[in-house]
Amino acid sequence: ERDNELGELLQRARTAQLIGTVATRTLFSLNLEGGDSRVVELLWQEHDGEWLIVDCRVFSLIPGE
């Protein structure tokens with residue numbers, strides 16, 4: 001709920017690339033229409049035997065970094 005822009009970003013995504021997974025966190029890069037990009041971090045937790053996304057953060061990349 002904290003980052004509510006993910007749904008809109010996924011609709012604009014041309015490609016997605018997995019950056020990596022450590023423990024219960026997954027990072028991936030979204031390449032968007034118009035040449036823009038974002039990094040998305042998902043936090044997973046197990047609930048009643050199922051792994052669910054419980055938090056999401058979206059980061060803008062700094063040009064040239």
Side-chain angles (χ1 to χ4, degrees):
E1 293 180 15
R2 175 177 41 191
D3 262 321
N4 56 11
E5 68 178 308
L6 184 59
E8 183 265 331
L9 290 174
L10 291 174
Q11 291 177 5
R12 293 180 41 217
R14 295 180 60 108
T15 61
Q17 297 172 327
L18 177 65
I19 296 172
T21 299
V22 176
T24 59
R25 297 190 183 274
T26 301
L27 289 171
F28 62 94
S29 173
L30 288 178
N31 298 309
L32 307 172
E33 297 170 345
D36 203 5
S37 61
R38 298 285 189 283
V39 171
V40 178
E41 176 189 45
L42 303 177
L43 174 63
W44 300 82
Q45 282 185 348
E46 186 178 5
H47 292 279
D48 297 324
E50 293 184 351
W51 285 92
L52 304 173
I53 297 169
V54 294
D55 197 13
C56 170
R57 294 191 294 174
V58 177
F59 303 91
S60 297
L61 297 176
I62 299 171
E65 292 286 315

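Residues take their numbers from the sequence shown, with the count starting at 1. This structure is a prediction, so every number in the text was calculated from the model and none was measured.
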4.5 Å side-chain heavy-atom contact, Arg12 and Leu30:
no
Please report the interatomic distance CG(Leu27) to OG1(Thr21), rounded to the nearest 0.5 Å.
7.5 Å
Shared hydrophobic cluster, Trp51 / Val40 (ILVMFWY, side-chain heavy atoms < 4.5 Å)
yes
Any residue meeting salt bridge (Lys or Arg N to Asp or Glu O under 4.0 Å) with Arg14, in chain and number order, not counting sequence neighbours
none
Among residues two or more places apart or on two chains, list those pairs meeting salt bridge (charged side-chain N to carboxylate O under 4.0 Å, His left out) that have a residue in residues 42-51.
none
Phe28 versus Val39: any side-chain heavy-atom pair under 4.5 Å?
no
From Thr15 atom OG1 to Leu32 atom CG, the distance as rounded to the nearest 0.5 Å
8.5 Å
Considering all heavy atoms of both residues, which atom of Asn31 and which atom of Ser37 are nearest to each other, and what is their separation?
OD1-CB, 3.9 Å
Looking at every heavy atom in both Cys56 and Leu6, which two are closest together, and how far apart are they?
SG-CD2, 3.5 Å
Distance check, rounded to the nearest 0.5 Å: Leu52 atom CG versus Trp44 atom CH2?
8.0 Å
Going by an N to O cut-off under 4.0 Å, is there a salt bridge joining Glu41 and Arg57?
yes
